[in-house]
Amino acid sequence: MQPSEILKKVRRLEITSKKIVDRGIAGSYHSVFRGRGMEFSEVREYQPGDDVRSIDWNVTARMGSPFVKIFVEERELTVMLLVDASASLRFGSHGEYKSTLAAEVAALVAFAAQRNNDRVGLLLATDRVERYIPPRRGEAHALQVLREILYFEPEGRSTNLAQALAHFHNIHRRRAVVFVLSDFLEGNLEALARTARLVNQRHDVIAVRIRDALEERVPKAGLVEFEDPETGKIVLVDTGSRAWRRAFTAEVRAREEAFAGFLREAQVDHLVLRTGEPYWPPLARFMKERTRRRRAA
């Protein structure tokens with residue numbers, strides 16, 4: 001693709017994302033993600049009404065009178081986009097690839113963060129860490145992140161998101177909101193959920209599952225060759241068999257339910273988006289529900 005075509009596509013996605021942000025997502029973003037962490041500010045003498053759990057016993061022992069720790073809401077937020085760049089994302093049956101939908105959602109989050117003067121970073125992953133862009137502020141940086149998501153050519157084809165999450169956890173000590181955008185079509189989802197639980201203890205991990213209808217229900221179409229995009233393996237399937245179609249759908253549902261259960265146990269929020277469908281409504285519902293739960297807590 002020519003540089004001029006790349007710039008046009010980036011510009012179109014930028015305009016679309018900013019329009020959605022202007023329609024109200026900026027406020028939702030602020031209420032859902034800002035201020036979820038607290039940072040230490042100072043210690044001061046205990047005053048009637050202070051929470052006794054905030055007493056700093058070390059300072060109290062040195063000074064001979066009660067002192068409490070004062071925390072303030074974090075003034076800035078770091079957003080990390082962990083995007084699956086494996087071959088299985090380059091599939092779609094409704095006029096767009098799953099990778100394109102992932103890029104659109106990532107762009108929306110990046111420009112919402114940029115509007116709030118937050119830092120945005122990117123980690124592209126396959127079965128290895130392909131590309132890491134440290135979090136920074138600014139519109140130019142958000143555009144760089146978007147260009148990388150759209151046009152980076154990975155070396156790997158398969159998926160190892162647990163490795164990518166662990167890599168980020170090791171190099172980024174300060175708390176961040178981590179959006180994992182993937183179809184999560186990898187072998188050991190339970191191991192991935194365990195890693196997500198560990199990372200979620202420091203950060204705020206959100207799993208965004210990108211799906212395509214053809215991956216959930218195969219239509220009756222006779223003998224069809226299916227190719228695994230990550231391994232290249234080809235199998236011939238008789239989609240005319242009602243028993244096979246039922247078994248396929250049941251297996252997909254069981255996998256989805258199991259993964260959702262793993263994420264609940266890990267206390268990781270997640271949502272499902274599908275190609276060919278507007279992504280803003282389910283994202284808005286997710287934010288509304290998350291805000292409701294946060295206020296209730």
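In this structure, Glu45 contributes its side chain and Pro66 its backbone to no donor-acceptor pair below 3.5 Å. Between the side chain of Lys98 and the backbone N or O of Ser88 there is at least one donor-acceptor pair closer than 3.5 Å. The closest donor-acceptor contact from the side chain of His141 to the backbone of Val120 lies under 3.5 Å. A donor-acceptor pair is defined here as one N or O able to donate and one able to accept, closer than 3.5 Å; such a pair exists between the side chain of Ser54 and the backbone of Asp51. A distance-only check finds a donor-acceptor pair linking the side chain of Asp212 to the backbone of Ser93 [under 3.5 Å]. Checking side-chain atoms of Arg202 against main-chain N and O of Arg174 turns up no donor-acceptor pair under 3.5 Å. Judged by distance alone, with hydrogens and angles left aside, the side-chain atoms of Glu186 form a donor-acceptor pair with the main-chain N or O of Leu161 at under 3.5 Å. Judged by distance alone, the side chain of Ser99 and the main-chain N or O of Arg90 form no donor-acceptor pair under 3.5 Å. Of the possible donor and acceptor atoms, none in the side chain of Arg209 sits under 3.5 Å from a partner among the backbone N and O of Leu271. Of the possible polar contacts, none joining the Asn116 side chain to the Asp118 backbone as a donor-acceptor pair under 3.5 Å is found.
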Next on the checklist: Using side chain to side chain contact (heavy atoms under 4.5 Å, CB included), reason through Gln144 and Ile133 one step at a time and then give a plain yes or no.
Outcome noted: CA-CA 9 Å; Gln144 179 193 359; Ile133 299 178; 4.0 Å; yes

Next on the checklist: Please evaluate residues Arg211 and Glu215 with respect to the criterion salt bridge (charged side-chain N to carboxylate O under 4.0 Å, His left out), reporting the C-alpha separation (whole Å), side-chain torsions for both, the decisive distance (0.1 Å), and the verdict.
Outcome noted: CA-CA 7 Å; Arg211 303 292 290 149; Glu215 296 172 326; 3.2 Å; yes

Checklist entry - What's the verdict on side chain to side chain contact (heavy atoms under 4.5 Å, CB included) for Trp57 and Ile55, showing C-alpha distance, side-chain angles and the deciding distance? => result CA-CA 6 Å; Trp57 295 106; Ile55 292 176; 3.7 Å; yes

Item to check | side chain to side chain donor-acceptor pair (under 3.5 Å) between Glu230 and Thr159, worked out | outcome: CA-CA 8 Å; Glu230 296 192 358; Thr159 313; 2.7 Å; yes

Item to check | Chi angles and distances behind the salt bridge (charged side-chain N to carboxylate O under 4.0 Å, His left out) call for Glu265, Arg197 | outcome: CA-CA 8 Å; Glu265 291 176 7; Arg197 180 172 191 149; 5.6 Å; no

Checklist entry - Passes side chain to side chain contact (heavy atoms under 4.5 Å, CB included), Arg175 versus Asp204? Steps please. => result CA-CA 8 Å; Arg175 183 185 175 280; Asp204 183 5; 3.6 Å; yes

Next on the checklist: Run the side chain to side chain contact (heavy atoms under 4.5 Å, CB included) test on Ile206 and Val178 for me, step by step, so that the C-alpha distance in whole Å, both residues' side-chain angles and the decisive distance to 0.1 Å come before the verdict.
Outcome noted: CA-CA 6 Å; Ile206 298 169; Val178 185; over 6 Å; no

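Proximity of Arg245 to Lys220: side-chain heavy atoms (C-beta onward) are separated by under 4.5 Å at one or more points. Leu223 has its side chain out of reach of Val237: every pair of non-hydrogen atoms, C-beta onward, lies at least 4.5 Å apart.
Residue Met63 holds its CE atom at 9.5 Å from OG1 of Thr60, rounded to the nearest 0.5 Å. One finds the CG atom of Leu122 at 12.0 Å from the CZ atom of Arg147 (value rounded to the nearest 0.5 Å).
At most 12 non-hydrogen atoms from other residues, nucleotides or ligands lie less than 6.0 angstrom from OH of Tyr97. Counted within 6.0 Å of CD on Glu251, heavy atoms from surrounding residues, nucleotides or ligands total 12 or fewer; the atom is thus considered open. Atom CD of Gln267 has 12 or fewer heavy atoms from other residues, nucleotides or ligands within 6.0 Å.
Taking each heavy atom of Leu181 and Ala106 in turn, the nearest pair found is CD1-CB, 4.1 Å. Across all their heavy atoms, Leu273 and Pro282 have their closest contact at CD2-CG, 3.5 Å. Nearest heavy atoms, Leu263 versus Ala207: CD1-CB, 4.1 Å. When all heavy atoms of Ala166 and Thr195 are compared, the closest pair comes out as N-CG2, 4.1 Å. For Asn200 against Ala266, the heavy-atom pair with the smallest separation is ND2-O, 3.7 Å. Minimum heavy-atom separation, Phe248 to Arg217: CE2-N, 4.2 Å.
A ring-centre distance under 6.0 Å is not found for Phe67 and Tyr46. The aromatic ring centroids of His203 and Phe168 lie less than 6.0 Å from each other.
When hydrophobic clusters are built by joining Ile, Leu, Val, Met, Phe, Trp and Tyr residues whose side-chain heavy atoms come closer than 4.5 Å, directly or via intermediates, Leu150 is grouped together with Phe179. Connection of Leu81 to Leu77 is established within a shared hydrophobic cluster, with ILVMFWY side chains joined at heavy-atom distances below 4.5 Å, either directly or through further cluster members. Taken together through direct or relayed side-chain contacts under 4.5 Å among Ile, Leu, Val, Met, Phe, Trp and Tyr, Phe286 and Trp280 form part of one hydrophobic cluster. Val272 is not connected to Phe262 by any chain of hydrophobic side-chain contacts under 4.5 Å among Ile, Leu, Val, Met, Phe, Trp and Tyr, and they are in different clusters. Hydrophobic clustering keeps Val177 apart from Val199 (ILVMFWY residues linked when any side-chain heavy atoms are closer than 4.5 Å, directly or through intermediates).
A salt bridge links Arg290 with Asp269; the closest basic N to acidic carboxylate O contact falls under 4.0 Å. Salt bridge status for Glu256 with Arg253: absent, with no side-chain N to carboxylate O gap under 4.0 Å. Using a 4.0 Å cut-off between charged nitrogen and carboxylate oxygen, Lys69 and Asp50 do not count as a salt-bridge pair. A salt bridge links Glu148 with Arg131; the closest basic N to acidic carboxylate O contact falls under 4.0 Å.
Side-chain contact of Glu96 with Thr100: a donor-acceptor pair under 3.5 Å is absent, judged by distance alone. Of the N and O atoms on the side chains of Arg119 and Thr78, at least one donor lies less than 3.5 Å from an acceptor on the other residue.
Each of Pro154, Ser158, Ser86 was evaluated against Asp127; a single residue qualifies, Ser158, per the side-chain contact (heavy atoms from CB on, under 4.5 Å) test.
Note on ring orientation: taking the six-membered ring where Trp is involved, the planes of His167 and Tyr132 are perpendicular (angle over 60°, cut-offs 30° and 60°).
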